[in-house]
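Remarks on the structure that follows.
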Amino acid sequence: MTKKQKNMLARIAAAFVLYAASLILDGRGVFAQTGFPAAPLLAFLIPYLTIGWDIVYKAFRGIVGGQVFDENFLMTVATFGAFGVGEYSEAVAVMLFYQVGELFQNYAVTRSRQSIADLMDICPEYANIEEDGQIKQVEPDDVAIGDIIIVKAGERIPLDGVVMDGESMIDTSALTGESVPRRVEAGSEIISGCVNGSGVLRIRVTREFDDSTVARILELVENASSKKAQVENFITRFARYYTPAVVCAALCLALLPPLLLGGGFGEWLQRACIFLVISCPCALVISVPLSFFGGIGAASKRGVLVKGSNYLEALAEMETIVFDKTGTLTKGEFKVTQIRPEGMEKEELLELAALAESYSTHPIAESVREACKRAGLGERLSAERVGDTKELSGRGIRARIDGHEILAGNGKLMEEFHISYQECEEIGTVIYLAKDGDFAGSILIADSLKEEAPEAIRSLKACGVRRTVMLTGDRRAAGEAVAAKLGLDEAFTELLPVGKVEKVEEMLAQTGGKSRLAFVGDGINDAPVLSRADIGIAMGSMGSDAAIEAADIVLMDDNPAKIAAVVKIARKTLLIVRQNIIFALAVKALVLILGAFGLANMWEAVFADVGVSVIAILNAMRTLRTEEQA
């Protein structure tokens with residue numbers, strides 16, 4: 001418990017003791033024996049003010065500030081009315097049990113926030129840099145790209161980078177939800193927020209702190225609560241109109257029957273007070289946001305960040321999911337597997353391809369350059385040899401190398417420049433090269449599937465996802481081969497970035513009703529599609545900044561199998577939200593009718609308010625249970 005919650009618990013205990021003492025004294029006739037008519041009122045006012053002074057204060061502050069109709073106002077008016085008709089003990093009981101319910105609610109919210117609060121602890125307090133042979137602690141913001149930082153055993157890694165020296169096992173559980181440590185060594189990429197388990201690591205920083213993984217996570221978490229689901233917006237609007245409506249109804253109940261039917265005002269005033277206590281919308285106002293917050297917390301425990309409850313709601317209604325291929329379903333670890341020259345040596349063909357791709361950051365380009373280095377040609381990759389480089393979107397690159405015009409790209413590029421080429425039928429990505437208008441050969445680059453990808457597709461179909469689709473710029477043969485291995489329903493190949501958007505728009509037009517479409521991607525060229533889909537899901541570890549910014553949901557460890565787990569969490573959350581809405585409205589409607597006809601006393605009113613709230617909160621907290629949702 002927090003200090004504030006402990007103080008409230010002490011107030012409740014003190015008020016309960018004073019209340020019990022007042023009941024005992026009143027029951028034994030002690031107050032009557034004093035001969036002082038106001039003795040019972042004063043006796044019960046002591047526990048009432050002990051437990052309810054803050055509620056009364058908030059109610060009057062709301063009236064002064066123009067925010068009249070809230071639960072504090074309802075509780076204050078109802079209990080004042082109970083005092084007015086002489087129901088002193090019931091007035092205290094209503095306030096006491098209301099505060100018990102509030103304490104329980106605060107504790108539940110604290111529990112539900114804990115999983116997300118744990119993420120906030122990943123923020124590093126300092127970074128170690130080496131200056132003149134001495135290790136100096138500095139703010140992570142002060143470290144620049146290219147600087148070398150030292151991370152000792154047990155310290156949190158403050159910035160993203162590449163391990164230059166050292167070996168260790170790092171704990172990634174705070175980011176990915178995985179309990180098994182990951183081994184890193186020289187050359188390994190490493191992300192901020194993880195904990196270095198053993199050994200000393202020297203890391204070259206590749207991103208400034210503001211762009212680091214940990215900074216992006218914290219920003220996503222801080223903004224998550226600002227985007228409400230439709231159900232939450234409905235409850236907010238409902239409470240805005242519902243509260244003044246029931247106050248007016250209670251006022252009519254107190255005044256109209258005595259005026260129209262005759263009789264005393266006391267009985268009808270008591271019924272109006274009971275009506276007000278029953279009508280308090282706490283169960284809905286508290287439990288619905290708490291349910292969504294719990295769902296977001298449950299997802300974060302599994303290393304999946306949901307940017308708002310509206311996306312959790314949309315994910316529960318998802319029936320179509322569309323995947324990018326490279327880096328999403330495949331590892332994105334491209335390797336040159338075949339070199340087929342035409343009229344030149346293999347080394348020359350590989351060298352030309354590496355020079356043509358020298359300015360590209362695409363994984364395919366990097367694999368070609370890496371293959372060239374492995375072949376011992378790294379020293380020949382001089383940027384001075386390359387000029388007039390132009391990237392032709394979706395087709396390849398046109399460059400001038402050593403005075404020769406070189407084309408490097410796919411079959412569309414060859415056809416565009418009317419070059420006769422020998423098509424490669426092997427599965428993989430093919431780079432065709434031409435030199436001065438003549439076909440020079442081809443290089444085959446193969447990627448491998450992620451181990452989790454087949455299970456991801458099976459789990460999604462088991463969850464009730466009706467349509468699984470893959471979009472890729474790869475050749476038809478390569479794309480269809482991957483789709484067949486994974487058991488995807490459809491695959492669209494040889495697509496430019498704009499073509500992916502068009503395909504997604506076509507599929508969105510085909511989805512009807514409440515059905516939603518999700519797109520999963522990781523590259524810069526996926527950002528427009530991620531924004532266009534109902535739900536954009538990005539890879540958070542290796543994904544581009546643009547993709548993560550455009551996405552609604554981020555998988556921190558790039559594991560597509562976790563999508564199905566979050567779908568289960570989302571659907572369970574929506575089920576719990578609907579259960580709470582139906583239960584709260586049904587009980588309140590029943591007891592409101594009974595109260596209006598005098599068939600419910602203040603104790604039933606307390607149950608309809610506090611009891612229903614506690615039950616709804618307990619139900620909402622079930623969203624945090626993730627063990628069965630793996």
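Hydrogens, waters and symmetry mates are skipped; everything else that's a heavy atom, side chains included, is used.
- Judged as a salt bridge (Lys or Arg N to Asp or Glu O under 4.0 Å), and not counting sequence neighbours, the contacts of Glu319 are Arg466.
- Heavy atoms from other residues, nucleotides or ligands lying under 6.0 Å from CZ of Phe16 number 12 at most.
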Distance-only check: which donor-acceptor pairs under 3.5 Å involve side-chain atoms of residues 42-52, not counting sequence neighbours?
| from | atom 1 | to | atom 2 | distance (Å) |
| --- | --- | --- | --- | --- |
| Tyr48 | OH | Thr79 | OG1 | 2.7 |
| Thr50 | OG1 | Ile46 | O | 2.7 |

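- Residues Leu315 and Val566 meet the side-chain proximity criterion, which asks for heavy atoms closer than 4.5 Å.
- The shortest distance between side-chain heavy atoms of Leu159 and Glu208 does not fall below 4.5 Å.
- For Asn196, the side-chain hydrogen bond (donor to acceptor under 3.5 Å, both in side chains) partners at least two apart in sequence or on another chain are Ser168.
- Shown here for Ile12 and Gln99, the closest heavy-atom pair between the two residues is CD1-O, 3.9 Å.
- Proximity of Lys562 to Asn559: side-chain heavy atoms (C-beta onward) are separated by under 4.5 Å at one or more points.
- The two residues Leu312 and Phe292 make their nearest non-hydrogen contact at CD2-O, 4.0 Å.
- Every residue two or more places apart in sequence or in another chain was checked for a salt bridge (Lys or Arg N to Asp or Glu O under 4.0 Å) with Glu139, and none qualifies.
- Pairs engaging residues 29-48 under the salt bridge (charged side-chain N to carboxylate O under 4.0 Å, His left out) rule: none recorded [sequence neighbours left out].
- Leu517 places none of its side-chain heavy atoms less than 4.5 Å from the side chain of Met318.
- Under the rule for a side-chain contact (heavy atoms from CB on, under 4.5 Å), the partners of Leu25 that lie at least two apart in sequence or sit in another chain are Val30, Phe31.
- Residues satisfying the side-chain hydrogen bond (donor to acceptor under 3.5 Å, both in side chains) criterion with Tyr57, sequence neighbours excluded, are absent altogether.
- Every residue meeting the salt bridge (Lys or Arg N to Asp or Glu O under 4.0 Å) condition with Asp54, not counting sequence neighbours, appears here in chain and number order: Arg11.
- Checked against side-chain hydrogen bond (donor to acceptor under 3.5 Å, both in side chains), Ser22 has no partners two or more places apart in sequence or in another chain.
- Partners of Gln33 under the side-chain contact (heavy atoms from CB on, under 4.5 Å) rule, at least two apart in sequence or in another chain, do not exist in this structure.
- Here the side chains of Leu575 and Arg578 are not in contact, with every heavy-atom distance at 4.5 Å or above.
- For the side-chain contact (heavy atoms from CB on, under 4.5 Å) test, residues two or more places apart in sequence or in another chain that qualify with Thr76 are Ile55, Val56, Ala59, Phe80.
- Taking both residues in full, the closest heavy atoms of Ser291 and Ile576 are given as OG-CG2, 3.8 Å, listed atom of the first, atom of the second, then distance.
- Side-chain atoms of Val304 and Val554, non-hydrogen and from C-beta on, never get closer than 4.5 Å to each other.
- Scanning for side-chain hydrogen bond (donor to acceptor under 3.5 Å, both in side chains) contacts around Glu452 gives an empty result, with sequence neighbours left out.
- Taking the side chain as every heavy atom from C-beta outward, Ile190 and Asp160 never approach each other to under 4.5 Å.
- Contact of the Asn619 side chain with the Gln579 side chain is registered, since non-hydrogen atoms from C-beta on lie closer than 4.5 Å.
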